[in-house]
Number of protein chains: 2
Amino acid sequence: MPSRYQGPKAEIDALSAYIKLMRAAESVTTRAHAVLPKDITISQFGVLEVLLHCGPLCQTELAGKLLKSGGNITLIVDNLEKAGHVVRERSREDRRFVTVSLTDSGRAFITGLFPKVAASITRELSALSSAEQFTLGWLCKKAGTGASAPAA
Amino acid sequence: MPSRYQGPKAEIDALSAYIKLMRAAESVTTRAHAVLPKDITISQFGVLEVLLHCGPLCQTELAGKLLKSGGNITLIVDNLEKAGHVVRERSREDRRFVTVSLTDSGRAFITGLFPKVAASITRELSALSSAEQFTLGWLCKKAGTGASAPAA
DNA sequence: CCCTATTGATTTGACATTAAAGCAATAGCC
DNA sequence: GGCTATTGCTTTAATGTCAAATCAATAGGG
């Protein structure tokens, strides 16, 4: 952000850090996910990855883990279901819940893909030493649980 | 540059830092922009802010500063134009260019709004000291210009 | 056993986002 | 001048995103 704005020093420091935070997040995400095949989106990858590492979940749980809205998950799961990567199943104990599970082909797909993305993220962050990555994570965590963050 | 195998520890460190980076970016952005009136979006705010601090720009320049696609800018400017915040004007020297400028009401709008958002971002990052904010910015900049970043 | 509140999912409407295709205007080359 | 390439913008198709409204099922209070 080309700030010609001249405010208090605290504000300039915060805005400067914020802009770099945003640019880094966008930049690393875009480049790290460039290894994804063209027929899958970042959001779809996110859902498959959570299902692989957490097992079958209902849509509200997916929304919580991915920090997305419920309506959003409905659409993403729709598209993953069309592609044959996941299946929906109504819970018999409480018919409000829809359990989303990986199909065999979906599991094979994400199992083959995840290591590539993990390696890609590692490569993108390789400009930072291990200690620097730790510091970055620590500062981000502190920043993300700041002033008006919901209590953990 | 041949990429060397870095081992599982390097991967865990990088993924851990990456997840915290993404969560911090989402979290701070969402909360910092909660002060925006509901009739304006974050992207629209971004365009108005750049126009305020840089003066009238053509759409390609806007796209470059905001790191968005050209088609995207077309839509955002469409909506800002409907709201009366900006005007489009064909350049007379080169009729391919469309200069986007703030209207009087648009200028008043963003002039009143920007300090609120700046204060909000400052508040959200107040969990970090000035030195920590500087370190965060430095690490983010280093991370964002990593392995496959385009040459500046 | 009702009435109501809550909860999980879906739908709808509006905006964002990109890639790709298309259009219009300019620039370059012969 | 005229052909071609480039450049800036718009459009289109597909997906994502949220908020709000809606629907279905369950839970609780009386």
Side-chain angles (χ1 to χ4, degrees), chain A residues 22 25-27 29-34 36-50 56-83 85-101, chain B residues 22 25-27 29-34 36-50 56-83 85-101:
Chain A
M22 292 296 113
E26 281 175 41
S27 170
T29 293
T30 300
R31 287 171 5 228
H33 290 80
L36 290 182
K38 229 186 297 291
D39 58 352
I40 190 133
T41 68
I42 293 181
S43 294
Q44 291 173 359
F45 173 82
V47 169
L48 293 179
E49 191 270 329
V50 168
L57 294 174
C58 75
Q59 298 191 180
T60 300
E61 291 171 315
L62 279 174
K65 296 216 178 278
L66 296 165
L67 303 179
K68 304 295 175 187
S69 71
N72 195 356
I73 298 296
T74 293
L75 177 63
I76 298 171
V77 171
D78 278 353
N79 289 326
L80 286 173
E81 202 172 30
K82 279 181 209 156
H85 291 318
V86 304
V87 286
R88 278 184 168 100
E89 190 186 2
R90 283 266 165 204
S91 166
R92 251 175 287 282
E93 302 98 54
D94 187 334
R95 295 182 44 73
R96 286 172 300 183
F97 287 74
V98 172
T99 301
V100 182
S101 319
Chain B
M22 297 315 298
E26 284 176 38
S27 170
T29 293
T30 301
R31 283 161 19 219
H33 290 80
L36 290 181
K38 57 185 177 309
D39 58 353
I40 190 137
T41 68
I42 293 180
S43 294
Q44 291 173 0
F45 173 82
V47 169
L48 293 179
E49 192 271 330
V50 169
L57 294 174
C58 75
Q59 298 191 180
T60 300
E61 292 171 315
L62 280 173
K65 295 212 180 283
L66 296 166
L67 303 180
K68 305 294 176 186
S69 70
N72 193 355
I73 297 297
T74 294
L75 177 63
I76 298 171
V77 171
D78 279 353
N79 289 327
L80 285 174
E81 201 172 30
K82 278 181 210 158
H85 291 318
V86 304
V87 285
R88 279 184 168 99
E89 191 185 3
R90 285 264 166 205
S91 166
R92 253 173 288 279
E93 303 97 54
D94 187 335
R95 294 183 44 73
R96 288 172 299 183
F97 287 74
V98 171
T99 301
V100 182
S101 319

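So that the names make sense, note that chain A is the first sequence line, chain B the second, and so on, each numbered from 1.
Distances from the side chain of B/I76 to the nucleotides D/dT26, C/dT17, C/dA25 place C/dT17 closest. The side chain of B/R96 has C/dA27 as its nearest neighbour among D/dC18, C/dA27, C/dT10. Closest to the A/L75 side chain, of the nucleotides D/dC18, C/dT10, D/dT17, is D/dT17. The side chain of B/N72 lies closest to C/dT17 when the candidates are C/dT17, C/dA9, C/dA24. Comparing C/dA16, D/dG8, C/dT17 by their nearest atom to the side chain of B/T60 picks out D/dG8.
One finds the OG1 atom of B/T99 at 8.0 Å from the CD atom of B/E61 (value rounded to the nearest 0.5 Å). To the nearest 0.5 Å, atom CD1 of residue A/I73 and atom CD of residue A/Q59 are 7.5 Å apart.
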Item checked: Worked check of side chain to side chain contact (heavy atoms under 4.5 Å, CB included) between A/T41 and A/L36 -> CA-CA 8 Å; A/T41 68; A/L36 290 182; over 6 Å; no
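Summary of the strand contacts: B/T41 and A/E61 both lie near DNA chain C, and taking for each the nucleotide with the nearest heavy atom, the more 5' one is attributed to A/E61. Ranked by how close their nearest DNA chain D nucleotide is to the 5' end, B/F97 and B/G71 are led by B/F97. Nearest-nucleotide assignment on DNA chain C puts the 5′-proximal partner with B/N79, out of B/S91 and B/N79. Closest-nucleotide positions on DNA chain D for A/S43 and A/R95 were compared, and the one nearer the 5' end corresponds to A/S43.
For the pair B/Q44 CD and C/dT17 P, the computed distance is 10 Å after rounding to whole Å. Regarding A/I73, its CD1 atom lies at a distance of 16 Å from the C1' atom of C/dT11, rounded to whole Å. In this entry the distance linking CG of B/L36 with P of C/dA16 reads 12 Å, nearest Å. C/dA9 atom C1' lies 9 Å from atom CZ of A/R88, rounded to whole Å. Rounded to whole angstrom, the span from the NZ atom of B/K82 across to the C1' atom of C/dA14 amounts to 10 Å. Remark: C1' of C/dA9 and CZ of A/R90 are 6 Å apart, rounded to the nearest angstrom. Rounded to an integer number of Å, the gap from CG of B/D94 to P of D/dT6 is 17 Å. One can place CD1 of B/I42 at 14 Å from C1' of C/dT17, the figure rounded to the nearest angstrom.
Distance alone, capped at 3.5 Å, is enough to place a donor-acceptor pair between the B/E81 side chain and the B/R88 backbone.
Using a 3.5 Å distance cut-off with no hydrogens or angles, the side chains of B/S91 and B/R95 do not pair a donor with an acceptor.
Looking at heavy-atom distances under 4.0 Å, B/K38 makes no contact with the nucleic acid at all.
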